[in-house]
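Take a look at the structure below.
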Amino acid sequence: LLRDARPVGRLVVDIPAALQRPRGPQDVLLKDGDMLLVPAPREEVTVLGEVQVGTSHVFDPELSRDEYVALSGGARRTADRKHTFIVRANGSVVGRGSGWFARNADVRPGDTIVVPLNAE
């Protein structure tokens, strides 16, 4: 049941900014029971959603978002290519939409590229 579900409670934190300015806007108050988990660096890029084969690839700084999608067999006919986005390893989302910035958002190690379903 939904009422029994526990929230994940994830929060994207810019740790270097928080350390530079204690009590600044990036500072986070931790309470008893809170845990700060810093994952090990990852060296892959994962492509999910409306692609031929959802898979992970070894990170290559020369490849673009669309080139990683092509490595996964390309987008399916059911894909909404215009709204492909990147979920960073820290949980933040970039590159949503079809403008110049979105198509040219840099891909970093640990990123997940999501090609959504065209629901229309």
Side-chain angles (χ1 to χ4, degrees):
L1 285 160
L2 187 57
R3 74 179 74 129
D4 296 328
R6 297 192 52 157
V8 175
R10 292 183 185 173
L11 181 64
V12 177
V13 178
D14 184 347
I15 292 178
L19 292 174
Q20 287 178 349
R21 288 189 60 205
R23 307 232 187 261
Q26 298 293 328
D27 203 5
V28 176
L29 178 63
L30 297 177
K31 299 177 183 174
D32 282 342
D34 287 348
M35 295 185 335
L36 183 60
L37 301 174
V38 180
R42 295 173 44 198
E43 292 301 322
E44 74 275 353
V45 173
T46 301
V47 183
L48 299 174
E50 293 301 300
V51 292
Q52 298 302 324
V53 181
T55 189
S56 294
H57 308 278
V58 175
F59 173 70
D60 181 344
E62 300 295 316
L63 296 178
S64 69
R65 179 193 76 176
D66 292 342
E67 289 170 320
Y68 278 108
V69 171
L71 286 175
S72 290
R76 294 181 183 168
R77 288 184 297 126
T78 55
D80 185 353
R81 293 176 186 89
K82 293 181 193 171
H83 292 97
T84 298
F85 58 95
I86 298 170
V87 180
R88 296 272 187 236
N90 70 1
S92 61
V93 177
V94 296
R96 176 169 254 144
S98 59
W100 181 88
F101 174 76
R103 285 191 313 274
N104 294 295
D106 64 319
V107 178
R108 301 175 186 169
D111 283 354
T112 298
I113 300 169
V114 181
V115 182
L117 173 68
N118 185 347
E120 293 182 5

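If you're wondering where the values come from, they're calculated on a predicted model, not measured in any experiment.
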Show the nearest heavy-atom pair for residues [X] and [Y], with the distance to one decimal.
X: Thr55; Y: Ser72; value: CG2-OG, 3.2 Å
X: Ile113; Y: Ile86; value: CG1-CG1, 4.2 Å
X: Ala89; Y: Pro109; value: CB-O, 4.4 Å
X: Thr78; Y: Leu117; value: O-CD1, 3.4 Å

With sequence neighbours excluded, what pairs up with Leu71 under the side chain to side chain contact (heavy atoms under 4.5 Å, CB included) test? His57, Leu63, Tyr68
About how many Å separate [atom2] of [Y] and [atom1] of [X], when rounded to the nearest 0.5 Å?
X: Glu120; Y: Asp80; atom1: CD; atom2: CG; result: 7.5 Å
X: Asn118; Y: Arg77; atom1: CG; atom2: CZ; result: 12.0 Å
X: Thr84; Y: Arg65; atom1: OG1; atom2: CZ; result: 5.0 Å
X: Phe85; Y: Asp111; atom1: CZ; atom2: CG; result: 12.0 Å

In one Ile/Leu/Val/Met/Phe/Trp/Tyr side-chain cluster, 4.5 Å: Leu48, Val45: no
Suppose the criterion is side chain to side chain donor-acceptor pair (under 3.5 Å): which pairs have a residue in residues 37-46, not counting sequence neighbours? Arg42-Glu44, Thr46-Ser56
Set of residues satisfying side-chain hydrogen bond (donor to acceptor under 3.5 Å, both in side chains) with respect to Glu67, sequence neighbours excluded: Ser64
